[in-house]
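Count residues from 1 along the sequence. Keep in mind that the numbers below use all heavy atoms, side chains included, and drop hydrogens, waters and symmetry copies.
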Amino acid sequence: MQRGLPAVGVFALVLSAGASWAQTVAPTYAEHVAPILQQQCGSCHRPDGIGPMALLTYQDARRHAFTIKSRVEQRVMPPWHLDRTVGIQEYKNDISLTDDQIATIGRWVDAGAPEGDPALAPPPVEWPVGGEWTLAEELGRPPDFVVRSAPYTVKPNAQDQWWTPSLPFDGLEGPRWVRASEFKPAYPQGTKVVHHGHAQLVQELPDGSRRLRALGRYGVGKPGDVFPDDVGMKIEPGGTVSWNLHYYPIDVEVPNDIVEVGLWFYPEGDEPALETQGEVRFTVDQGGDMPWAGDIVIPPHSFKAQQGIHKLDRAALVHSFRPHMHMRGKEQSVEAIYPDGRREMLAKVDRYSHIWQISYLFADHAKPLLPAGTTLLFTSLWDNTAANPLNPDPDQWVVFGQRGVDEMSHVWLGMTYLTDEQYDQQAFARGRPERTEGGGQ
Ligand code: HEC
């Protein structure tokens, strides 16, 4: 078959010989597995982390070898629920494992979890010292402004707990432009129990509408976010901060936990060119022109889907995607239908898990750039069957509601709205043609 292509034939032979050699030699902890556990698990599975056990030493890894194998093969760990077959695949905070890494862990466990030569293990990572602002080094100073949650006592050995205080937003003297924000649980106990959280600034405007600004969000693998150069979020004094904290209990009581959100501002008088709104909520289940949608009714032992449509009257750059449903949530996606009719899947989770609220942060060059007139189509799928491991009771009819056992469906997108001129500049920078009249892209 390879007549006429001898060079390729020889090359292929060498490659396949290499592959079979690698498959017969078992991976070792020190050389092959420790780097994966350190890089992709250690941020949570360390003594101060939110994971239920540390995975930093050979003894740790060996003790948990079988559960590690099963969790990574099912892609339950690390928590990252994006569908790998559709939509944008490049994210700033991607902690998922490659197929090769999963196979390496599997073969290591099957071979009896050998240690190998400890000298080949990577040097230990210096984890951020508990209690310090991790962005302080990059930004050259501690935050300019700190917002604090109200104290909460986390009960030991209980179920997951949610704490949602609303507190007055005091202390800001005039409007400021946020450059970066970081969400910091208290040290040392808070880092073990705060699973995820969000702090949102809510302000009533004279016209009766509400302005929402996401001050801080704590998601997987990323405690904070620095906006790109010349992008900022404008905040004004007044209003309230609405907290949504998810605590994950440990064996001991954690009294009076307080979470802090630190904000770094642009220098006074320095206005960035683009104003981001932070996370904006797009409902799938209610509001707007969807009169029936609050009406979630999911029969026992069944699946149910729902769609929401939002048309953008301005161009936008999208920074992040955070799906939100409750215990029956299975899939959620956002597609763009461009003004020229083209349709594109932007992002989709196909293994949604209510215990995680992950904000998927698009890599800078992969952020969706949407012309004015784009329609966003959101789709939610619920699984109320016994096959859903988080389903507390598949015999129930499930309706809309705030509790985890009721359902909801909305999506948070990090939005920076653009003028048509700004859109053209961004499109040009990406090597795309300029927006045309009535067209897009
Ligand atoms: C963002 C934090 C985070 C990361 C990263 C993470 N985990 Fe976890 N892990 C958790 C939390 C929290 C739990 C407990 C809740 C759950 O099971 O979802 C957990 C549970 C587990 C369990 C089950 C423990 C048990 O006894 O039931 C295993 C095994 C595990 N993780 C392995 C890993 C491995 C291996 C990696 C890396 C490849 C990893 N995790 C990455 C946070 C994390």
Looking only at non-hydrogen atoms, find the nearest pair between [X] and [Y] and report the distance.
{"X": "Asp406", "Y": "Phe400", "result": "CB-C, 4.0 Å"}
{"X": "Ile88", "Y": "Ala366", "result": "CD1-O, 3.4 Å"}
{"X": "Glu275", "Y": "Thr416", "result": "O-CG2, 3.5 Å"}
{"X": "Gln40", "Y": "Ser96", "result": "NE2-O, 2.9 Å"}
{"X": "Asp257", "Y": "Ser149", "result": "O-OG, 4.4 Å"}
{"X": "Pro47", "Y": "Leu56", "result": "CD-CD1, 3.9 Å"}

Check the side chains of [Y] and [X] for a donor-acceptor pair under 3.5 angstrom, ignoring hydrogens and angles.
{"X": "His246", "Y": "Gln357", "value": "no"}
{"X": "Glu182", "Y": "Thr134", "value": "yes"}
{"X": "Asp60", "Y": "His45", "value": "no"}

[X]/[Y] aromatic ring centres below 6.0 Å:
{"X": "Trp264", "Y": "Phe145", "result": "no"}
{"X": "Tyr152", "Y": "Trp163", "result": "yes"}
{"X": "Phe362", "Y": "His319", "result": "no"}
{"X": "Tyr352", "Y": "His81", "result": "no"}

Under 3.5 Å: donor-acceptor pair, side chain of [X], backbone of [Y]:
{"X": "Arg328", "Y": "Phe303", "result": "no"}
{"X": "Gln101", "Y": "Thr98", "result": "yes"}
{"X": "Asn391", "Y": "Thr385", "result": "yes"}
{"X": "Lys155", "Y": "Glu253", "result": "no"}
{"X": "Glu279", "Y": "Val411", "result": "no"}
{"X": "His310", "Y": "Thr283", "result": "yes"}
{"X": "Asp83", "Y": "Ser333", "result": "no"}
{"X": "Arg107", "Y": "Thr104", "result": "no"}
{"X": "Asn244", "Y": "Thr164", "result": "no"}
{"X": "Ser242", "Y": "Ser166", "result": "no"}

Does this structure show an ion pair linking [X] with [Y], if we count only N-O contacts that are shorter than 4.0 Å?
{"X": "Asp350", "Y": "Lys330", "result": "no"}
{"X": "Asp99", "Y": "Arg75", "result": "yes"}
{"X": "Asp420", "Y": "Arg314", "result": "no"}

| query | What class does the angle between the rings of Tyr91 and Tyr360 fall in, given that below 30° is parallel, 30 to 60° is tilted and above 60° is perpendicular? | reply | perpendicular
**Asked** Would you call the rings of His354 and His326 parallel, tilted or perpendicular, where under 30° means parallel and over 60° means perpendicular?
**Response**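 His354 and His326: tilted rings.
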Test salt bridge (charged side-chain N to carboxylate O under 4.0 Å, His left out), reference Glu335, set Arg342, Lys348, Arg343, output is Arg343
Salt bridge (charged side-chain N to carboxylate O under 4.0 Å, His left out) assessment of Asp144 paired with Arg176: CA-CA 11 Å; Asp144 302 311; Arg176 292 301 296 261; 5.5 Å; no
**Prompt:** Would you find more than 12 non-hydrogen atoms of other residues, nucleotides or ligands less than 6.0 Å from Arg62 atom CZ?
**Reply:** no
| query | Is it true that atom CZ of Arg141 has more than 12 heavy atoms of other residues, nucleotides or ligands lying nearer than 6.0 Å? | reply |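 Yes, because the 6.0 Å sphere around CZ of Arg141 holds more than 12 heavy atoms from other groups.
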Spacing of CD belonging to Glu344 relative to CG belonging to Leu370, to within rounding of 0.5 Å:
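It is 8.5 Å, given to the nearest 0.5 Å.
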Check: Taking it one step at a time, do Ser380 and Gln306 satisfy side chain to side chain donor-acceptor pair (under 3.5 Å)?
Finding: CA-CA 5 Å; Ser380 301; Gln306 193 173 51; 5.5 Å; no
Margin query: Using side-chain heavy atoms (C-beta onward) and a distance below 4.5 Å, is Val254 in contact with Thr153?
Written below: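 Not in contact.
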